[in-house]
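Atoms considered below: every heavy atom in the structure, side chains included; atoms not considered: hydrogens, waters and symmetry mates. In what follows, every chain begins at residue 1, and chains take the letters A, B, ... in the order their sequences are listed.
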Amino acid sequence: MSIARLALAASCVVASFGAAADEAAVRRMIQDKLRGPSQLESVRKAPWGALYEVVVRGPEGRQIYYVDEGANVIISGQAIDAKSGRNLTEERSRELNRVDWSSLPLHWAITSKRGSGRRKIAILSDPNCPYCKRFEEDLAKLDDITVHILPYAVLGPKSTRQARAVWCSKDRVKAWNELMFRRIEPPAAADCDNPIDRLAQFGRSIGANSTPTWFLESGERFSGAMPLDEARRLLDQASPARRR
Amino acid sequence: MLRPLLLSLLLALGAAPAAAQLFGAQDLLEPEKAFRIAARALDARSVEVEFKIANGYYLYRDRFRFATESGQMLAEVGVPRGKIKEDEFFGKSETFRDLVKIRVPLSPQDAARGAVVLKVTSQGCSDKGVCYVPLEQTVRVSLPRP
């Protein structure tokens, strides 16, 4: 059986005919096709195969397309490495959506550390999001990890009240975990100076429209309660090697 | 024929954001596409708002909010009973999948204008492991004369 190096699961649309085969032509062709608020962000040779990679930035995020060398065809889809099965488009997209870890407002986080704390994760989490609970329960099984919970109270007024009360508690880690894992309401009054509204603003400013949204030390950004095995693999990849 | 198709393709995809940021779920829908809203007049004083919910997504019954354009909340909205979801942790909640139709009665003042703009807030999740922040959508409905 012959295996192509690269499989493209994609839909193609023929755009125009006979354009010159260079980056500028790709750029012009895409510029010409874009409408609305979307903007062309970058054009470069794809690191694999004879295609150009085009990044378009829409109102809420980036989208990757591929264009043939003649600037005749726009391909919208996922590039999969046939040998390893890696989704090259997704990996590139993660790279593009990276944030600077040091720009995260971790001084507003509820932080717990286990073991060496070597693997770091920051999670925008709402106390009434069942998938946030599941994800945090899974992470609680890992050792050598630092978990920064950024209380992202976006699912309703109850979430806001609870998040404030947790922040105003004497032991924030305990109060958050009891609320998340055991549904024990935080005892404190929700009236101290707290960053809950500012965190909601922060989340909106980076387009976090779902929970959990989370970040690794590499700056990579993810959404959803990922299965623990996969999350562990990514945590290991993104963390500095274990020192002995 | 090709040109308009391409334009709509680029528009549709260019505006399809977070997909790129989502783990192994490039097909995770934007909330507007997961929860498609439509509305029609039932009679001179009431409107039916409908959500078509994509497969694998659900909306919470108690998170719907209806307001007129001016921000006036509409209280007497007839949200049907949902399917009871029993969560040993979060307790009972009612959810909708596939389709929900909601009857929204209008005040005589709103009805007298001949058309109404509704701001509808909904909140839901995907079985893929995320919950969306509440989504506000706007629908405009022309009303028949009484």
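At a 4.5 Å heavy-atom cutoff, A:Pro157 makes no contact with chain B through either its backbone or its side chain. Heavy atoms closer than 4.5 Å to chain A are found in both the backbone and the side chain of B:Asp127. Residue A:Phe135 does not touch chain B at all, counting heavy-atom pairs closer than 4.5 Å. Only the backbone of A:Arg182 comes within contact range of chain B, with at least one heavy atom under 4.5 Å from a heavy atom of that chain.
Side chains of A:Asp126 and B:Cys131 form no contact here, defined as non-hydrogen atoms less than 4.5 Å apart.
Within a 6.0 Å radius of CD in A:Glu185, other residues, nucleotides and ligands contribute more than 12 heavy atoms. Surrounding CG of A:Asp100 are more than 12 heavy atoms belonging to other residues, nucleotides or ligands, all under 6.0 Å away. Annotation: B:Lys119, atom NZ; neighbour count of heavy atoms from other residues, nucleotides and ligands within 6.0 Å is above 12. Residue-environment remark: CD (A:Gln39) stays at or below the threshold of 12 foreign heavy atoms within 6.0 Å.
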What side-chain donor-acceptor pairs closer than 3.5 Å can you find for residues 105-118 of chain B, not counting sequence neighbours?
| unit_1 | atom_1 | unit_2 | atom_2 | d |
| --- | --- | --- | --- | --- |
| B:Ser107 | OG | B:Asp110 | N | 3.1 |
| B:Ser107 | OG | B:Asp110 | OD2 | 3.2 |
| B:Asp110 | OD1 | B:Arg113 | NH1 | 2.8 |

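Applying the side-chain contact (heavy atoms from CB on, under 4.5 Å) criterion to B:Ser70, with sequence neighbours excluded, gives B:Thr68, B:Gln72.
Residue A:Leu155 holds its CG atom at 12.5 Å from OH of B:Tyr132, rounded to the nearest 0.5 Å. Interatomic distance, A:Asn128 CG to B:Arg63 CZ, rounded to the nearest 0.5 Å: 6.5 Å.
Nearest heavy atom pair, residue A:Tyr131 against residue B:Cys125, reads CE1-CB, 3.8 Å. The shortest heavy-atom contact between A:Val154 and B:Pro134 is O-CD, 2.9 Å.
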